Amino acid sequence: HVLFYDLDKALKDPLWVLRIWEGGLASHGAVIGLITAMYLFTRRRGIPFLEASDRFSFSAALGATLGRLGNFFNSEIVGRKTDQTWGVQFPRYDRPGLGEVPYRHPSQLYEVALGLLVLLALYLFEKKLGKEKRPRGALISLFFLLYFIGRFIVEFFKEFQTLKPEDSPLTMGQYLSLPGILLGAYGLWWS
């Protein structure tokens, strides 16, 4: 989060980075942290990294789903405004004292649906490949490919967080999703 969404704030006030109660977790950064933790854990235990990653892919999909459900309840990472004939109002985000609360895309719920679809795809893919007969790395690669393609698409409905449309054709979330898409595609080809 600090590197991609609030670097200016961190440079002005370096101690702000340590104020974890003020929020600021980017899921792309969480992926990097989880991969690092998985690598250290598997290395220490003598477990093959790809095997552990395949097994973890189900938890990753479920965790992403539950995280976005929490974002919905907390009025975080809201969607862009709709044409006002449908949508969800987020008064905690839009502060009703500043005028009419607009209707927005429930982008968090789009990502909940994405997480559930990825979870289903992982289950069906593993079943089709024959569980323990599957090539190692196939499940985590499928997770990366499907999840980050979905994240790329959902970003079209999210409020801009850092890059503005006049500055960039893509959002920061879309740029950060591209390595995950490429990693997933390569991993599936490799496995």
Side-chain angles (χ1 to χ4, degrees), residues 1-72 74 76-77 107-108 110-112 114-119 121-122 125 135-156 158-163 168 170-191:
H1 179 87
V2 171
L3 290 176
F4 298 113
Y5 295 102
D6 269 329
L7 186 58
D8 289 342
K9 189 174 185 177
L11 292 174
K12 288 177 188 169
D13 181 13
L15 291 178
W16 168 79
V17 175
L18 302 176
R19 293 186 206 124
I20 59 172
W21 57 89
E22 291 184 13
L25 172 67
S27 55
H28 297 89
V31 168
I32 294 169
L34 288 169
I35 290 171
T36 303
M38 180 69 70
Y39 173 76
L40 295 172
F41 175 81
T42 57
R43 186 171 165 215
R44 187 173 192 175
R45 304 279 177 151
I47 300 168
F49 177 74
L50 288 178
E51 176 61 28
S53 297
D54 280 343
R55 293 179 185 275
F56 180 72
S57 62
F58 290 93
S59 299
L62 182 60
T65 302
L66 295 175
R68 288 304 183 227
L69 193 58
N71 292 142
F72 179 74
N74 288 330
E76 301 165 334
I77 313 173
S107 59
Q108 312 96 322
Y110 300 167
E111 288 194 54
V112 167
L114 168 64
L116 294 174
L117 286 172
V118 170
L119 199 55
L122 288 170
F125 191 62
R136 298 303 170 244
L139 290 176
I140 194 65
S141 297
L142 181 68
F143 168 79
F144 269 82
L145 183 66
L146 295 180
Y147 183 71
F148 285 110
I149 286 174
R151 283 291 307 273
F152 188 91
I153 293 168
V154 171
E155 281 289 323
F156 286 111
K158 284 185 183 177
E159 193 63 71
F160 286 90
Q161 290 179 287
T162 184
L163 298 175
S168 173
L170 301 176
T171 67
M172 180 61 77
Q174 288 172 317
Y175 284 117
L176 294 174
S177 293
L178 292 174
I181 294 168
L182 294 173
L183 182 63
Y186 174 77
L188 277 176
W189 173 82
W190 179 85
S191 66

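Just so it is clear, the model here is predicted, and its values are computed rather than measured.
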Can you check side chain to side chain contact (heavy atoms under 4.5 Å, CB included) on Ile149 and Phe144, steps first, answer last? CA-CA 8 Å; Ile149 286 174; Phe144 269 82; over 6 Å; no

Measure the spacing between CZ of Arg151 and CG of Leu114 and express it to the nearest 0.5 Å. 8.5 Å

Evaluation steps, side chain to side chain contact (heavy atoms under 4.5 Å, CB included), between Trp190 and Arg136: CA-CA 10 Å; Trp190 179 85; Arg136 298 303 170 244; 5.8 Å; no

Give a yes or no on this: more than 12 heavy atoms of other residues, nucleotides or ligands lie within 6.0 Å of atom OH of Tyr39. no

Side-chain contact, heavy-atom cut-off 4.5 Å: Leu188 with Leu145? yes

Minimum heavy-atom distance between Leu119 and Ala61, given as atom pair plus value: CD1-CB, 3.9 Å

State the CE-CG distance between Met38 and Leu50, to the nearest 0.5 angstrom. 10.5 Å

Answer yes or no: is there an ion pair linking Glu111 with Lys158, defined by an N-O contact shorter than 4.0 Å? yes

Would you say that Phe148 contacts Val31 through its side chain, given a criterion of any heavy-atom pair below 4.5 Å between the two side chains? yes

Minimum heavy-atom separation for Gly70 and Glu76, please, with both atom names. O-OE1, 4.4 Å

Qualifying salt bridge (charged side-chain N to carboxylate O under 4.0 Å, His left out) pairs, either residue in residues 177-188, two or more places apart: none

Specify the closest pair of heavy atoms between Ala121 and Leu142, including all atoms of both residues, with the distance to one decimal. O-CD2, 4.0 Å

Can you give me the closest heavy-atom contact between Leu122 and Phe58, atom names plus distance? CB-CE2, 3.6 Å

Rounded to the nearest 0.5 Å, what's the gap from CD1 on Ile32 to CG on Leu176? Could you check? 8.0 Å

Nearest heavy atoms of Glu155 and Thr171, plus distance in Å: OE1-OG1, 2.9 Å

Within-4.5 Å side-chain heavy-atom neighbours: Asn71 and Arg68: yes

Roughly how far, to the nearest 0.5 Å, is the CG atom of Leu62 from the CG atom of Leu66? 4.5 Å

With rounding to the nearest 0.5 angstrom, report the CD to OG1 distance, Gln108 to Thr65. 13.5 Å

Run the side chain to side chain contact (heavy atoms under 4.5 Å, CB included) test on Gln174 and Phe156 for me, step by step, so that the C-alpha distance in whole Å, both residues' side-chain angles and the decisive distance to 0.1 Å come before the verdict. CA-CA 9 Å; Gln174 288 172 317; Phe156 286 111; 3.2 Å; yes

With rounding to the nearest 0.5 Å, note down the distance linking OG in Ser53 to CD1 in Ile47. 10.5 Å

Apply the test side chain to side chain donor-acceptor pair (under 3.5 Å) to residues Ser168 and Tyr175: give CA-CA distance (whole Å), side-chain angles for both, the deciding distance (0.1 Å), then the verdict. CA-CA 10 Å; Ser168 173; Tyr175 284 117; 3.0 Å; yes

Taking every non-hydrogen atom, the tightest pair across Leu139 and Ser57: CB-OG, 3.7 Å

Criterion side chain to side chain contact (heavy atoms under 4.5 Å, CB included) on Phe56 and Leu34, from CA distance to verdict: CA-CA 10 Å; Phe56 180 72; Leu34 288 169; 4.0 Å; yes

Mind telling me whether Phe143 and Tyr147 have parallel, tilted or perpendicular rings, with 30° and 60° as the class edges? parallel

